[in-house]
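For reference, the structure discussed in these notes is given below.
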Amino acid sequence: MTTLNSTFDLLADLEQRGLIAQQTDAAALSKLMSEQAITLYCGFDPTADSLHIGSLVPILVLKRFQQAGHKPIALVGGATGMIGDPSFKAAERKLNTLDVIEGWVGKIRAQVSPFLSFEGDNAAVMANNHDWYAKMDILAFLRDIGKHFSVNNMINKESVKQRINRDGDGISFTEFTYSLLQGYDFVVLNEQYGCQLQIGGSDQWGNITAGTDLTRRMRQQSVHGLTMPLVTKSDGTKFGKTESGTIWLDRKKTSPYKFYQFWLSTADADVYKFLRYFTFLSVDEIAAIEATDLASGKKPEAQRILAEQVTELVHGKDAVIAAERISQSLFAEDQNALTEQDFEQLALDGLPTFELARDANGLIDVLAATELATSKSQARGFIESGATIVNGAKVTDLTATITEADYKFGRYTLLRRGKKNHALVVWK
Ligand SMILES: Nc1ncnc2c1ncn2[C@@H]1O[C@H](COP(=O)(O)OP(=O)(O)OP(=O)(O)O)[C@@H](O)[C@H]1O
Ligand SMILES: N[C@@H](Cc1ccc(O)cc1)C(=O)O
């Protein structure tokens, strides 16, 4: 049995952070957790090569449970990823090949692991439901698991209703069986690790309750479900991977600089909520930040604190330092502080980037090619009026050229027009 942090009421903290959407039996879970350390799990399907900031919510909740003394299991859905969760999805998913899914399982596993500790009494466990489904035969599945599910109840679940009631393609049998698979995962984890709680975003409620019901039927065990609200931006759109403008956890898909900038540009209406969801600052510390911001009457500090905290959690302290260095250097006269890796981040997604041939180096041509000017005559106007900055230095000479000496690390030149229009040239 693991040691419980008895001075800290985790469920009360989650409630104060606004992190609880639904629970199967709040009083029973609270009683259980006050008596003993529990084992809980959350699943992540390999439906892309990276998780995103929406999935960070349950990852951090797993971490919150572990910090409070409980044992987390992170399950990567090697099997469920082959089927595709239909919950609240408007259309059938495309099936990915087994090779692709296998590759993504490894990536998701590597992405979740650093958030958890694999040492000590309440060491985290990584599980993969392919381990039990690969060897299950279809008749066992239908007889031992399927028999416990009523199709009548399944078609009434909110998460698949829109697909059932719609004309057209509806939902395939494949996706319809998804909740049986997730349901049985809970049974297996209960059997193998004594797992008593499953968490997930609120879109997972139907699948989670399939698991609590099935565990009661198959193992006569009373287990629990808890969901977190789905995080949306103030414009109402969900943070997700199928939505546009996904912020990925993989630094090769969203650079730490872009990641930092994303949090920095959080709307004032969202920022304190995001501090509660995405950081380990206490609820009291966050309330104090809000009070100070309100009293100052100036630009709030909350966005910078959020950007620093979440970037450090996901990418480490060095990434925060690099993001701050890049932000400052973009507006500084001296850009010598920028490292080659900083330029690589900017080229990935930090700035509009243009690959130009090394001979296209008249400044007028370059400005037009980088879309900082819509025409050569406009480019001339910008140069003459002193609005053109090359690597931090103002250039007013109409005949200026960009030469090897202006190539940082042999291939980058930073251009700015006016106060904040940037472009990065990568010389081919
Ligand atoms: N915006 C969000 N807010 C809170 N939780 C989320 C959000 N997006 C995903 N989750 C949760 O993260 C866990 C893993 O989700 P997953 O990685 O499958 O993301 P997803 O965006 O829902 O994927 P897909 O688009 O393939 O369904 C689930 O419990 C899910 O509910
Ligand atoms: N259905 C979850 C992933 C998951 C898979 C298997 C589980 O046992 C639990 C959760 C999702 O799409 O996000």
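Just follow the structure's listing: the first ligand is 1, and inside any ligand the first atom is 1.
At a heavy-atom cutoff of 4.0 Å, ligand 1 is contacted by both the backbone and the side chain of Val231. Both the backbone and the side chain of Leu230 come within contact range of ligand 1, each with a heavy atom under 4.0 Å. Contact annotation: for Thr47 versus ligand 2, there are no heavy atoms closer than 4.0 Å. Only the side chain of Tyr41 comes within 4.0 Å of ligand 2, judged by heavy-atom distances. Using a 4.0 Å cut-off between heavy atoms, Ala48 makes no contact with ligand 1 at all.
Every atom of ligand 1 with a heavy atom of Phe44 under 4.0 Å away is listed here by number and element: 14 (C). Atoms of ligand 2 lying under 4.0 Å from at least one heavy atom of Leu75, given by number and element, are 6 (C), 7 (C), 8 (O). The distance from ligand 1 to the heavy atoms of Leu51 drops below 4.0 Å at these ligand atoms: 17 (O). Within ligand 1, the atoms closer than 4.0 Å to a non-hydrogen atom of Pro229 are 3 (N), 4 (C), numbered from 1 in the order shown. Heavy-atom contacts of Gly200 reach the following atoms of ligand 1: 29 (O) (cutoff under 4.0 Å). Atoms of ligand 1 found under 4.0 Å from any heavy atom of Lys89 (numbered from 1 in listed order, with element): 24 (P), 25 (O), 27 (O). Less than 4.0 angstrom separates some heavy atom of Pro58 from each of these atoms of ligand 1: 5 (N), 11 (C), 12 (O), 13 (C). Atoms of ligand 2 found under 4.0 Å from any heavy atom of Asp45 (numbered from 1 in listed order, with element): 3 (C), 5 (C), 12 (O). Per-residue contacts place Thr80 under 4.0 angstrom from the following atoms of ligand 2 (heavy atoms of the residue considered): 5 (C), 6 (C). Atoms of ligand 1 found under 4.0 Å from any heavy atom of Arg93, numbered from 1 in the order shown, are 24 (P), 26 (O), 27 (O). Residue contact check: Phe239 has heavy atoms under 4.0 Å from atoms 1 (N), 2 (C), 7 (C), 8 (N) of ligand 1.
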Going through the distances and angles, do Gln220 and Arg216 end up as a side-chain contact (heavy atoms from CB on, under 4.5 Å)?
CA-CA 4 Å; Gln220 293 75 49; Arg216 186 169 4 86; over 6 Å; no

So Ser172 and Glu92, side chain to side chain donor-acceptor pair (under 3.5 Å) or not? Walk me through it.
CA-CA 7 Å; Ser172 67; Glu92 190 80 10; 2.4 Å; yes

CA sep, side-chain torsions, deciding dist, call: Thr413, Trp427, side chain to side chain donor-acceptor pair (under 3.5 Å):
CA-CA 8 Å; Thr413 303; Trp427 299 100; 2.8 Å; yes

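Within the structure, the closest approach of Tyr178 to ligand 2 falls below 4.0 Å when heavy atoms are considered. The closest approach between a heavy atom of Met228 and any atom of ligand 1 is not below 4.0 Å. Residue contacts with ligand 1: Asp203 is included, with a non-hydrogen atom under 4.0 Å away. In this structure, Gly43 is part of the shell of residues with a heavy atom less than 4.0 angstrom from ligand 2.
In terms of heavy atoms, Tyr178 sits closest to Asn207 at CE2-ND2, 3.8 Å. Pairing each heavy atom of Phe278 with each of Leu313, the nearest pair is O-CD1, 3.4 Å.
For ligand 1, none of its N or O atoms has an N or O atom of Ser202 under 3.5 Å away. The shortest N or O to N or O distance between Asp185 and ligand 2 is under 3.5 Å. Of the N or O atoms in Gln198, none lie within a sub-3.5 Å distance of an N or O in ligand 2. Here's the thing with Asp85: one of its N/O atoms is less than 3.5 angstrom from an N/O atom of ligand 2.
Side-chain polar atoms of Thr80 and Asn129 form a donor-acceptor pair below 3.5 angstrom. Gln196 and Gln221 are not linked by any side-chain donor-acceptor pair at a separation below 3.5 angstrom, with hydrogens and angles left out of the test. Checking Gln111 against Ser50 by side-chain atom types alone, a donor-acceptor pair falls below 3.5 Å.
Distance check, rounded to the nearest 0.5 Å: NE2 of His52 to CD1 of Ile247 gives 11.5 Å. To the nearest 0.5 Å, atoms OG (Ser255) and CG (Asp349) are separated by 3.5 Å. The distance from atom OH of Tyr184 to atom CZ of Phe141, rounded to the nearest 0.5 Å, is 10.0 Å. Atom-to-atom distance recorded for Tyr133:OH and Asn128:CG is 11.5 Å, nearest 0.5 angstrom.
Taking the six-membered ring for Trp, Tyr41 and Phe186 have ring centres closer than 6.0 Å. Two rings, from Phe262 and Phe239, have their centers less than 6.0 Å apart.
When the heavy-atom distances from atom 9 (C) of ligand 1 to Gly84, Ser50, Cys42, Gly54 are ranked, the shortest goes to Gly54.
Of all protein heavy atoms, the one closest to atom 13 (O) of ligand 2 is Gln204 NE2, 3.5 Å.
Taking the ring axis of Phe280 as reference, the NZ or CZ atom of Arg64 stays within 45° of it and closer than 6.0 Å to the ring centre.
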